S.K.: 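Structure incoming, see below.
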Amino acid sequence: MNNLDNLDDLDYPAFTTGQAADLLGVQQAFLRSLDTGNLLRPQRSDGGHRRYSRRQLQLAARIRVLFDDGHSLAATARIIGLEDDLAAAHDQIAELRGQLGNDTNQ
């Protein structure tokens, strides 16, 4: 696999703090505060610099919307956790429905 193949990987840490901040339209301090608050944990380069993946940028964008709506850091973390739990439950329900559909056809 060459390095260009990594660009399709949502979890590949391709973006520096400056690049991530520019893409999201936020200050670099906002991203550092998410790391300090354990809400978003970027990987670190060999030199210790934060590196963000596309998945982490998507999460940071969700966090920004909730902050802009006036939610605190703790409330934002709770809301995102509940949204993720709900999405996982929906996925599990769909999988179980699929299994039930397959069982009735046998």
Side-chain angles (χ1 to χ4, degrees):
M1 178 190 311
N2 64 39
N3 288 337
L4 290 178
D5 293 332
N6 290 327
L7 295 178
D8 289 332
D9 182 355
L10 285 176
D11 295 311
Y12 180 72
F15 303 96
T16 65
T17 302
Q19 291 168 329
D22 287 345
L23 287 168
L24 295 169
V26 299
Q27 298 292 319
Q28 291 182 30
F30 172 76
L31 292 171
R32 288 191 297 271
S33 72
L34 298 181
D35 188 6
T36 302
N38 292 321
L39 206 54
L40 183 66
R41 300 300 299 196
Q43 292 186 28
R44 297 286 181 149
S45 68
D46 291 339
H49 300 281
R50 292 174 178 90
R51 301 289 294 191
Y52 296 86
S53 68
R54 290 187 323 176
R55 190 180 316 272
Q56 289 172 321
L57 295 183
Q58 291 168 342
L59 175 58
R62 287 172 64 194
I63 293 167
R64 167 91 190 270
V65 168
L66 291 168
F67 276 177
D68 288 349
D69 287 345
H71 296 286
S72 69
L73 179 66
T76 296
R78 184 73 176 133
I79 290 167
I80 287 175
L82 290 171
E83 287 175 346
D84 290 346
D85 290 348
L86 182 59
H90 281 288
D91 290 344
Q92 186 177 23
I93 289 167
E95 181 182 328
L96 292 171
R97 283 185 176 149
Q99 289 174 2
L100 284 175
N102 290 338
D103 289 344
T104 58
N105 293 331
Q106 293 178 355

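Everything quoted here is computed from the prediction, not taken from an experiment.
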S.K.: Is it true that, when you exclude Arg44 itself, more than 12 heavy atoms of the residues, nucleotides or ligands shown sit nearer than 6.0 Å to its CZ?
M.R.: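 Correct, the count exceeds 12.
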S.K.: What I'd like to find out is whether the side chain of Arg50 reaches to under 4.5 Å of the side chain of Arg32, using heavy atoms alone.
M.R.: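 With C-beta onward as the side chain, the pair touches.
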S.K.: With sequence neighbours left out, write down each residue that passes side chain to side chain donor-acceptor pair (under 3.5 Å) with Gln19, or none if nothing qualifies.
M.R.: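 In terms of side chain to side chain donor-acceptor pair (under 3.5 Å), with neighbours along the sequence ignored, Gln19 is linked to Thr16.
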S.K.: Quick check: closest heavy atoms across Gln43 and Pro13, and the distance to 0.1 Å?
M.R.: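 In terms of heavy atoms, the two residues are closest at OE1-CG, 3.4 Å.
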S.K.: Other than Phe15, what residues sit in its cluster of Ile, Leu, Val, Met, Phe, Trp and Tyr side chains whose heavy atoms are under 4.5 Å apart, directly or through others?
M.R.: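 The other cluster members (ILVMFWY side chains, heavy atoms under 4.5 Å, direct or chained) are Leu23, Leu24, Val26, Phe30, Leu31, Leu34, Leu39, Leu40, Tyr52, Leu57, Leu59, Ile63, Leu66, Phe67, Leu73, Ile79, Ile80.
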S.K.: Whether the side chain of Arg41 engages the backbone of Asp35 through a donor-acceptor N/O pair (distance < 3.5 Å, no angle test) should be reported.
M.R.: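 Looks like yes, one N/O pair under 3.5 Å.
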S.K.: Under the salt bridge (Lys or Arg N to Asp or Glu O under 4.0 Å) rule, collect the residues that match up with Asp85, sequence neighbours excluded.
M.R.: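 Counting only residues at least two positions away or on another chain, Asp85 forms no salt bridge (Lys or Arg N to Asp or Glu O under 4.0 Å).
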S.K.: From Glu95 CD over to Leu100 CG, what is the distance, rounded to the nearest 0.5 angstrom?
M.R.: 11.0 Å
S.K.: Once rounded to the nearest 0.5 Å, what's the spacing between atom OG1 of Thr17 and atom CD of Gln27?
M.R.: 12.5 Å
S.K.: Could you list the residues that satisfy salt bridge (Lys or Arg N to Asp or Glu O under 4.0 Å) with Arg51, not counting sequence neighbours?
M.R.: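 Once residues adjacent in sequence are excluded, Arg51 has no partner under the salt bridge (Lys or Arg N to Asp or Glu O under 4.0 Å) criterion.
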S.K.: Using the test side chain to side chain contact (heavy atoms under 4.5 Å, CB included), find all partners of Leu96 that sit at least two apart in sequence or belong to another chain.
M.R.: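 Per chain and number, Leu96 pairs via side chain to side chain contact (heavy atoms under 4.5 Å, CB included) with Gln92, Gln99.
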S.K.: For Arg55, check salt bridge (Lys or Arg N to Asp or Glu O under 4.0 Å) against everything at least two apart and list the hits.
M.R.: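 Salt bridge (Lys or Arg N to Asp or Glu O under 4.0 Å) list for Arg55, sorted by chain: Asp11.
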